[in-house]
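Please read the structure below before turning to the comments.
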Amino acid sequence: MALNNAYSAYQKTNVTTASQGHLVVLLYEACVKNLNSALALIENGDKIKPSNIENFSKLLQKAQAIITELQVSLDMEKGGDISKNLMSLYLYFNSELTDVAFNHSAQKLTFVLDMVKELLGAWKSASSSTANAPAQTSMQAHTALNIQG
């Protein structure tokens, strides 16, 4: 129990002191983790064991919540074409994941996962190459989102 509390405190400190770029990376990493876990539950023939359906749905919902958080954090005025393109991708990802929730398509889930991984790599490069200001004040408004997976 004490180990869980220490880990939670570490994660909270990591999030509240992170730069904005690093926060985006953390969100992408959590999304990848949830999508990988959901993909692992799909068996051959796009089937999921009845005992895994609830967990599968929760994992997809967490991934969609993260994607939605990324979507609403876009600055459409200052972001220009990059923000517009990301908005389109996020809408597409959530649409595909909604379809995956019903049809359990490993192919669609893998496609979204691969795209999210590509974006994660790009954000890791961008966040490490720029001097980002700590985002503690902006994260206080979004503390309800759980990125732990």
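Side chains are part of it too, since the values below use all heavy atoms of this structure and drop only hydrogens, waters and symmetry mates.
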Margin query: Using a 3.5 Å distance criterion without hydrogens, assess whether the side chain of N85 forms a donor-acceptor pair with backbone atoms of D81.
Written below: yes
Next item on the list: Classify the angle between the aromatic ring planes of H104 and F56 as parallel (below 30°), tilted (30 to 60°) or perpendicular (above 60°).
Entry: perpendicular
Margin query: Can you give me the closest heavy-atom contact between L60 and A38, atom names plus distance?
Written below: CD2-CB, 4.1 Å
Check: When rounded to the nearest 0.5 angstrom, what is the spacing between CG in L23 and CD in E69?
Finding: 10.0 Å
Item checked: Nearest-0.5 Å distance that lies between atom OG in S37 and atom NZ in K33 -> 7.0 Å
Note to self: Do V116 and Y28 make a side-chain contact, defined as non-hydrogen atoms from C-beta onward lying under 4.5 Å apart?
What the structure shows: yes
Notebook entry, point to check: Does any N or O in the side chain of N103 come within less than 3.5 Å of the main-chain N or O of S105, such that one atom is a donor and the other an acceptor?
Noted result: no
Item checked: Nearest-0.5 Å distance, CG of residue L109 to CD1 of residue I42 -> 5.0 Å
Notebook entry, point to check: Are the side chain of D46 and the backbone of A106 linked by a donor-acceptor contact shorter than 3.5 Å?
Noted result: yes
Note to self: Quick check on the hydrophobic clustering: are F102 and L91 connected, directly or via other members, by side-chain heavy-atom contacts under 4.5 Å?
What the structure shows: no
Next item on the list: Before giving the answer on side-chain contact (heavy atoms from CB on, under 4.5 Å), spell out for I67 and L97 the whole-Å C-alpha distance, their side-chain angles and the decisive distance to 0.1 Å.
Entry: CA-CA 10 Å; I67 292 168; L97 292 176; 3.7 Å; yes
Margin query: Is the shortest side-chain heavy-atom distance between I82 and L74 below 4.5 Å?
Written below: no
Next item on the list: Scan L59, V100, N94 and name whichever one has a side chain to side chain contact (heavy atoms under 4.5 Å, CB included) with Q64.
Entry: N94
Checklist line | Closest heavy-atom pair and its distance - S127, G21 | finding: CB-C, 3.6 Å
Note to self: Taking K117 first and then E29, would you say they form a salt bridge - that is, a charged N and a carboxylate O separated by under 4.0 Å?
What the structure shows: no
Next item on the list: To the nearest 0.5 angstrom, please state how far the CE atom of M87 sits from the CG atom of L70.
Entry: 11.0 Å
Next item on the list: Could you grab the distance from atom CZ of F93 to atom CG of L119, nearest 0.5 Å is fine?
Entry: 5.0 Å
Next item on the list: To the nearest 0.5 Å, tell me how far E118 CD sits from L89 CG.
Entry: 10.0 Å
Margin query: Between E54 and K58, does any NZ, NE, NH1 or NH2 come within less than 4.0 Å of an OD or OE carboxylate oxygen?
Written below: yes
